[in-house]
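What follows is a short report on a single structure.
Given the structure is predicted, the values throughout are model-derived calculations rather than measurements.
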2 protein chains.
Amino acid sequence: MRDSEKMIVRSLPLFADMAEDHLDEMLLGSFLQRFPATVVLFSESDHTDFLHVLVDGQVELYASANNREGTMTLIKPVATFVLASALTDGVYQMSARTLESSQILMIPAENVRTAMKKDRGFAQKSVLELAACYHGVVRAYKNIKLRTAVERLANYILVQNRRQGDTGVIKLPIEKRTLASMLGMTPENLSRAFATLKPYGIKVDGAEVRLEKPEDLETLAKPSALIDTH
Amino acid sequence: MRDSEKMIVRSLPLFADMAEDHLDEMLLGSFLQRFPATVVLFSESDHTDFLHVLVDGQVELYASANNREGTMTLIKPVATFVLASALTDGVYQMSARTLESSQILMIPAENVRTAMKKDRGFAQKSVLELAACYHGVVRAYKNIKLRTAVERLANYILVQNRRQGDTGVIKLPIEKRTLASMLGMTPENLSRAFATLKPYGIKVDGAEVRLEKPEDLETLAKPSALIDTH
DNA sequence: CTGATCGCTTGATAATTGTCAAGCCGCGCC
DNA sequence: GGCGCGGCTTGACAATTATCAAGCGATCAG
């Protein structure tokens, strides 16, 4: 555990208030590792051995049942993932794989639980982090339960447009098949959903999506602050 | 705030470790109220003024978007709800209504946040409670994303059968239309889903569901511990 | 350059799910 | 009892979504 790695951890709100010695103690036995793309980090039924911190790259959390598979969420640096599982000392509940070459700091879950008991500041921040994660899944759940596939795509485009500076031109940050899985549809259906949005001013060229009539798209998307805002 | 009400709160794991004076302080300004059936307690876009404790009755948490509405989860006594929202001091994110006449203890959200800062034991338990809620929504999200409507119903029946003592006869604890909404389908579709399960030994008579070939139903349902176990 | 692979798209078709309309049935009320 | 209401069911149909198959085009190794 180098000092630079400790700095990365410290920069996260979750660990910002943690006492120095508690932080040092927690990081004992932690290690930073680089994984190539498309590597499975853990399976949903595995026991949670580590809290993960994505330092660089991109990670997909997904789930499987029957013979189906679906993306639960995407992790972008710098962020922790599977905190809830690490704290409850159970299984991961979601599987994870790298989407690109990624650097991940792995902190023994037991250390995290110890730190939670010892450190008030960390416990406080954990509460806020978990509440935020909870509301994140609640939003995803609403999204899939109350919207059609085309509406989900339309809202995704609107959110991306805002995030990328309201320029009317966005670059899809992930492959289309991953996007399809995240939006709860097949890749074939995503293609058709894009085609459906053509009359609403959507033009697609590879990973570039052009938004020529944002207002029209909004009438279709009916965006909701309680689903689309973070 | 009577002593009996304090006992109810104390009996919940979430508040079990809380210091006596912190508990008393938190309960200042709390009140127990009885609501008739079908009353909206709050709307998802309302600011979170209270942490709720369902003492008696039954409450539905639901969400709306477009012109659609869907059940998020059902609360049964004795349990708290909207803890995450109370702690983050934002909006409720979900709407709530009583399904039957219900008794609810309402604790000012600000008191809860104060208690969280002051009381280590409460902070610890909050972390565990939030992690459990998080995994609950994750399971619901997997359920709807990876299963068809008929599969969701089949798994619901299997879970209820286990909960009600593996007798092969279950009594639906909620109206069918509420069940339909919880399982993410229309009432019409639920009727048809029950009909589809007939060849798998399911017989429905009002709120009573008979399960004559549990093994056959399992082959269809393909239950998963990571979705169906609590 | 050539061939192979992979992601994406498109078409045809099927399965799933929702909508609208009508009717049934149990229950409470007068 | 008779009536009306609400929840549930059923049928016919439409919309949505998935599946299977084929082909396109970019990329990359030989």
Find the distance [X]:[atom1] to [N]:[atom2] and express it as a whole number of Å.
X       : N       : atom1 : atom2 : value
K176(B) : dT10(D) : NZ    : C1'   : 14 Å
N67(A)  : dC20(D) : CG    : P     : 12 Å
E188(B) : dC13(D) : CD    : C1'   : 13 Å
E151(A) : dT16(D) : CD    : P     : 9 Å
R147(A) : dT17(D) : CZ    : P     : 13 Å
L153(B) : dC8(D)  : CG    : P     : 14 Å
L99(B)  : dG7(D)  : CG    : P     : 12 Å

Aromatic rings Y92(B) and F42(B): how do their planes relate, parallel, tilted or perpendicular, breaks at 30° and 60°?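 Rings of Y92(B) and F42(B): parallel, as their planes differ by under 30°.
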
In residues 189-213 of chain B, what residues come within less than 4.0 Å of DNA chain D, judged by heavy atoms?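 Contacts with DNA chain D under 4.0 Å: S191(B), R192(B).
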
Heavy-atom closest contact ([X] atom, [Y] atom, distance):
X       : Y       : value
E129(B) : L14(B)  : CB-CD1, 4.0 Å
G70(B)  : L146(A) : N-CD2, 3.6 Å
I144(B) : R152(B) : O-NH1, 3.9 Å
V55(A)  : P77(A)  : O-CB, 3.2 Å

Salt-bridge test for [X] and [Y]: reply yes if a basic N is under 4.0 Å from a carboxylate O, no otherwise.
X       : Y       : answer
D228(A) : R147(A) : yes
K213(B) : E218(B) : no
E69(B)  : R97(B)  : yes
K203(A) : E208(A) : no

Decide yes or no, distance alone: a donor-acceptor N/O pair under 3.5 angstrom between the base of dC8(D) and the side-chain of E175(B).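 Result: no qualifying N/O pair found.
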
From the 5' end of DNA chain C to its 3' end, which nucleotides mark the outer limits of contact with chain A, defined by a 4.0 Å heavy-atom distance cut-off (strictly under)?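 First-to-last contact on DNA chain C, by the 4.0 Å heavy-atom rule, is dG7(C) to dA12(C).
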
Taking N or O atoms only and anything under 3.5 Å, show me the protein contacts with nucleotides 22-25 of chain D, one pair per line.
none

